[in-house]
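Chain letters run A, B, ... following the sequence lines, proteins first, then strands; residues in each count from 1.
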Amino acid sequence: MYSDIFSHLVTTTDRTQFLNRLAEFERIQYQDLDTPLEQKMNECFGSEAPVVALLVKDTGEGALKALAQAANDIPVCTITLAFEPTRSHMYKLRDTIATLAATSLVLNVVIDASIVGGAILSWNGKYFDGSVGTKLHEYFKTV
Amino acid sequence: MNDQILLLTAVLLTSLMGIVIAFIALSYRQLVKRYDKLRSEVEAQKEAAGVFAQQELAQAHKKANAIIAEAEEYSAKLKSEFSQHLQTILSTESQHHKSLIHTLQEEYVKVFQANSNEIKKEGEVLISKLAHDLIAQAQAAAATFQSEAQAQKKEIEKMWSDELHKKAPQVLEAAAVSVMGKALSLKEHEDLIIQSLEEAKRNHVF
């Protein structure tokens, strides 16, 4: 239902910022009634057209809470990387993992240079270490 | 009146004084005479005593000279006798000592020569045995030391070898991690992440 709205929420940080904006809109929508509601929406969600489009239809308290609840319910996949990924790489990663998991999700990205390369995943109660550091360690343990 | 009495009294007193002075002068003269007499007597007695003393002294001197002469004569005699006795005794003792020393020397030389030969032989045997024992002990100690040293060397070599085998993978791993961490490009990182994700899928993480 909210897939278009949540498509730009790549990381847990994005989600937190979105929830903060939503709370801000909820706070200001009944203040300064001379200011049009669309202007207030644009001030809070200017770059997020799907959100604005949704709120135009319904700005009631129930709709906002449902949206916030849906955002909070997005599953989180924690991924440990050896480097700081670019924004576009994070989109790519999120989409790849979402495809593999067959669900929408947000990433909790942890940076740890000691893993050398690859990734460590923690998803839905499961843990997988596909890092180069661990592979090297296992390899040299058998030598 | 009074003046006449006084004059008469003065004349009387002066006369009396003259009488007294005359008496004193006479007494003094007599006294001097007696003193001279006594003095001449004393001188005579002193002279007589001196003569007597001279006579007595001369006699004593004579006696003393006689005694001294006798004593000297006796002393010389005694001295010569004592000297003769002493010389006799000394010569006798000297002879006796000389013969005793000679005997002792001869005995000592005999005993010493006999003992010396025996001691020399025993010493040579002892030294030879001691040297032999020492060489044997030294050889045994050297052999023990050599074997211990070899055992220690082997132990150390094994310890180092074990340590090397234990540390080598760690060192290689650290080197590999360091080299790979620096050598991977962004594209290679992305490929490795995709590989990890696919692997996770194969392991049913998703």
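- Other residues, nucleotides and ligands contribute more than 12 heavy atoms inside 6.0 Å of the CE atom of B:Met159.
- Around the CD atom of B:Glu47, the shell of radius 6.0 Å holds no more than 12 heavy atoms that belong to other residues, nucleotides or ligands.
- Between chain B and the residues A:Leu136, A:Thr96, A:Leu100, the largest count of heavy-atom pairs under 4.5 Å involves A:Leu100.
- Each of A:Ser122, A:Ala113, A:Gly118, A:Ala82 has some count of heavy-atom pairs under 4.5 Å with chain B, and the biggest count is that of A:Gly118.
- Heavy-atom neighbours of chain A within the stretch residues 34-45 of chain B, taken at a separation under 4.5 angstrom, are nonexistent.
- Enclosure of atom NZ in B:Lys201 by more than 12 non-hydrogen atoms of other residues, nucleotides or ligands within 6.0 angstrom is indicated.
- Heavy-atom minimum distance, B:Ser196 versus A:Gly130: OG-O, 2.8 Å.
- Atoms CG and CZ, from B:Leu197 and A:Phe128 in turn, are 9.0 Å apart once rounded to the nearest 0.5 Å.
- Annotation: B:Glu56, atom CD; neighbour count of heavy atoms from other residues, nucleotides and ligands within 6.0 Å is above 12.
- Both the backbone and the side chain of B:Glu190 come within contact range of chain A, each with at least one heavy atom under 4.5 Å from a heavy atom of that chain.
- Nearest heavy atoms, B:Phe206 versus A:Ile97: CE2-CG2, 3.7 Å.
- In this structure the side chain of A:His89 reaches within 4.5 angstrom of the side chain of B:Ile193, judged on heavy atoms.
- Other residues, nucleotides and ligands place more than 12 heavy atoms under 6.0 Å from the CD atom of B:Glu157.
- Only the side chain of A:Leu121 comes within contact range of chain B, judged by heavy atoms closer than 4.5 Å.
- Environment of CD in B:Gln95: sparse, with no more than 12 heavy atoms of neighbouring residues, nucleotides or ligands closer than 6.0 Å.
- Of the inter-residue distances, the one linking A:Leu81 atom CG with B:His189 atom NE2 reads 9.5 Å to the nearest 0.5 angstrom.
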